[in-house]
Amino acid sequence: MALTKKQTAELAKQVFEYAPAPESIDHVKIQPRYGLFIGGRMVEGHSKKRFPTINPATEAKLAEVVEADEVDVDHAVKAADKAFETWARLAPSQRARYLFRISRLIQERSRELAVVETMDGGKPIKESRDVDIPLAAAHFFYYAGWADKLEWAFPNRKPKPIGVAGQVIPWNFPLLMLAWKIAPALAAGNTVVLKPAETTPLSAMVFAEICMQAELPPGVVNILTGAGKTGSLVVTHPDVKKVAFTGSTEVGKLIQRAIAGTGKRLTLELGGKAANIVFEDAPLDQAVEGIINGIYFNQGHVCCAGSRLLVQESIAEPLLEKLKRRLSTLRLGDPLDKNTDIGAINSKAQLERIEGLVESGIEEGAELYQPDCVLPERGFWFPPTLFTNVSQSYRIAREEIFGPVLSVLTFRTPNEAVEKANNTPYGLSAGVWTDKGSRILWMAERMRAGVVWANTFNRFDPTSPFGGYKESGFGREGGVHGLLPYLELN
Ligand code: NDP
């Protein structure tokens, strides 16, 4: 018997209860202390300073890592420089074999890596298991394929590696950002010194073990834990020839200033404030899923997050109603539970940044909506949040919040949508939802964004270049374009 309209509405309101389904952590051995990965071995390091890395969902200490100092950085760069002599001359097909091996080992250890990533960073296990780790393996697999085909990638040029790459990565996709940096660098014949973020060093430590398991020649990959100071020492070391950074625009600018005039190559992948634009002819239920994925995926700790929803005025009301209903079905809690949609905020500092910006939104006059949801007592948490009545001048519409907070604005015409979407100092990504292919192309042409997703959002693939305009940085990672920053083309 068909349900009446009222019954259907009642059913849609129901939130299903899920029995807990925690991922087992028995197979994961996090060591109490880690050293530094230099010259193919885990070493104690010169620096005696150590700091804890904690689980943001429980605030429990997971391990201690070294805060690498100037001497450690110098050791690592020297090891990378020495390894460069042989790695760059190795038959490209041999380099490919190592990369394939690394990719395979990431797949073999994927359950362990997913749990480590979730415990150290707070992201839901279903995301680290289904997105971060498979994509990291795919990156190594993809660039392994290019290692012996560089001359086909750049015909009539003579591609040559550059030397030691200094790479600094953030905490939102720790292993994936490591893969984005290390895989193209190695495929092109460079060696690397990489610094993971202070709050998420553990998957990089497992990766160091993987390099040893793969019998990667000593010094080809070096990993130094530490805070911002260590990162700054890595990028400014005189023997580092190429710098790759992902993180905040503020630190990106600092790095650009610090290395100006040194001749070092630089790529910067910085923040974003992407517009996710929904036209009145879009399939609304699909768009709602895309909006949810666009901003609440990884607690909104995503540089290309669709943090500004631009919705055509004629459908604003029904779309917001559907969105609010969907918001109330998101499950927030234990990141290790396979049912969890929204995990913990990565750190106390990040939580405070989100709270400050949300406060500013309320003060400036936006209307806040949060579904009923109980936050765990320990750890760092923020409920999925939606702001309506937002003006373009409000901080929540201009600044990167990097949290589960969506600002909703409206538009009437496609031109107005383009104006508003581009009215930001950033230019990393955008989304367009419409039934018309021609409109997608029309919009994509006018959008100042490195990536424009059509009727989807937050889709990544190693073959597809990713990067920004304006204050979102420069240079591309992924695809053939991702090899360019690591090659000299004669
Ligand atoms: P940062 O830019 O400070 O961190 C990114 C990386 O750079 C980390 O490894 C960090 O080390 C390192 N670092 C910090 N200072 C320097 C320096 N002077 N020289 C070289 N490396 C340095 O980001 P935050 O963690 O402070 O986050 C702040 C804001 O930045 C977020 O709220 C978000 O808006 C934005 N952000 C954007 C990201 C993106 O992908 N676009 C990623 C992360 C943050 P350490 O972790 O030890 O401080």
Side-chain angles (χ1 to χ4, degrees), residues 49 51-53 56 65-68 70 73 120-123 166-174 176-178 180-181 193-204 223-237 240 243-259 264 266-274 297-305 307 345-358 380 382 395-396 398-405 424-429 450-451 458 460 466-468 470-475 477:
K49 273 203 204 157
F51 62 91
T53 181
V65 294
V66 180
E67 188 179 333
E70 203 164 352
V73 172
D120 205 20
K123 65 173 64 197
Q167 309 180 319
V168 177
I169 55 169
W171 40 262
N172 50 345
F173 294 92
L176 185 58
M177 289 301 106
L178 173 151
W180 280 28
K181 299 275 178 289
V193 176
L194 176 131
K195 189 201 86 70
E198 191 179 343
T199 56
T200 52
L202 294 186
S203 55
I223 297 175
L224 300 177
T225 46
K229 178 77 174 50
T230 309
S232 152
L233 290 167
V234 169
V235 299
T236 54
H237 192 289
V240 164
V243 173
F245 171 79
T246 299
S248 62
T249 299
E250 193 190 344
V251 174
K253 286 181 181 173
L254 278 179
I255 292 176
Q256 194 170 17
R257 259 183 240 125
I259 66 169
K264 289 180 200 280
L266 176 65
T267 40
L268 295 175
E269 201 267 272
L270 309 174
K273 192 74 192 172
F297 170 62
N298 199 23
Q299 296 73 248
H301 301 331
V302 184
C303 48
C304 52
S307 51
I345 299 300
N346 183 267
S347 65
K348 188 158 183 276
Q350 188 57 30
L351 178 59
E352 286 166 1
R353 215 166 286 146
I354 297 168
E355 286 169 344
L357 275 156
V358 166
F380 315 126
F382 201 82
R395 287 182 65 201
I396 51 167
R398 287 185 293 117
E399 296 179 27
E400 186 176 46
I401 303 175
F402 228 60
V405 183
T424 164
Y426 296 109
L428 196 54
S429 64
V451 183
N458 273 340
F460 304 97
F466 184 89
K470 303 193 280 185
E471 297 222 345
S472 293
F474 46 80
E477 293 182 308

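One-based numbering, in listed order, for ligands and for the atoms of each. All values derive from a computational prediction rather than experimental measurement. Computed over heavy atoms, backbone and side chain alike; hydrogens, waters and symmetry mates excluded.
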Short question: side chain of [X], backbone of [Y] - any donor-acceptor pair under 3.5 Å?
X	Y	result
Glu471	Tyr426	no
Lys195	Leu224	no
Ser429	Ala274	no

According to side chain to side chain donor-acceptor pair (under 3.5 Å), who are the partners of Thr267, at least two apart in sequence or on a separate chain? Lys242

N/O pairs closer than 3.5 Å, ligand 1 and protein:
{"unit_1": "ligand 1", "atom_1": "2 (O)", "unit_2": "Ser248", "atom_2": "N", "d": "2.8"}
{"unit_1": "ligand 1", "atom_1": "2 (O)", "unit_2": "Ser248", "atom_2": "OG", "d": "2.7"}
{"unit_1": "ligand 1", "atom_1": "9 (O)", "unit_2": "Ile169", "atom_2": "O", "d": "2.8"}
{"unit_1": "ligand 1", "atom_1": "9 (O)", "unit_2": "Lys195", "atom_2": "NZ", "d": "3.2"}
{"unit_1": "ligand 1", "atom_1": "11 (O)", "unit_2": "Lys195", "atom_2": "NZ", "d": "3.1"}
{"unit_1": "ligand 1", "atom_1": "19 (N)", "unit_2": "Ser232", "atom_2": "N", "d": "3.4"}
{"unit_1": "ligand 1", "atom_1": "25 (O)", "unit_2": "Trp171", "atom_2": "NE1", "d": "2.6"}
{"unit_1": "ligand 1", "atom_1": "27 (O)", "unit_2": "Arg353", "atom_2": "NH1", "d": "3.2"}
{"unit_1": "ligand 1", "atom_1": "32 (O)", "unit_2": "Gln350", "atom_2": "OE1", "d": "3.0"}
{"unit_1": "ligand 1", "atom_1": "32 (O)", "unit_2": "Gln350", "atom_2": "NE2", "d": "3.2"}
{"unit_1": "ligand 1", "atom_1": "32 (O)", "unit_2": "Arg353", "atom_2": "NH1", "d": "3.1"}
{"unit_1": "ligand 1", "atom_1": "34 (O)", "unit_2": "Glu400", "atom_2": "OE1", "d": "2.9"}
{"unit_1": "ligand 1", "atom_1": "41 (N)", "unit_2": "Gly247", "atom_2": "O", "d": "3.2"}
{"unit_1": "ligand 1", "atom_1": "41 (N)", "unit_2": "Leu270", "atom_2": "O", "d": "2.8"}
{"unit_1": "ligand 1", "atom_1": "46 (O)", "unit_2": "Glu198", "atom_2": "N", "d": "2.9"}
{"unit_1": "ligand 1", "atom_1": "47 (O)", "unit_2": "Lys195", "atom_2": "NZ", "d": "3.3"}
{"unit_1": "ligand 1", "atom_1": "47 (O)", "unit_2": "Glu198", "atom_2": "N", "d": "3.3"}
{"unit_1": "ligand 1", "atom_1": "47 (O)", "unit_2": "Glu198", "atom_2": "OE1", "d": "3.1"}
{"unit_1": "ligand 1", "atom_1": "47 (O)", "unit_2": "Gly226", "atom_2": "O", "d": "3.4"}
{"unit_1": "ligand 1", "atom_1": "47 (O)", "unit_2": "Gly228", "atom_2": "N", "d": "3.3"}

Output the distance between atom CG (Leu268) and atom NZ (Lys253), rounded to the nearest 0.5 Å.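 The CG atom of Leu268 sits 11.0 Å away from the NZ atom of Lys253.
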
Could you check whether atom CD of Glu70 has more than 12 heavy atoms from other residues, nucleotides or ligands sitting under 6.0 Å from it?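 It does not: Glu70 CD has 12 such atoms or fewer within range.
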
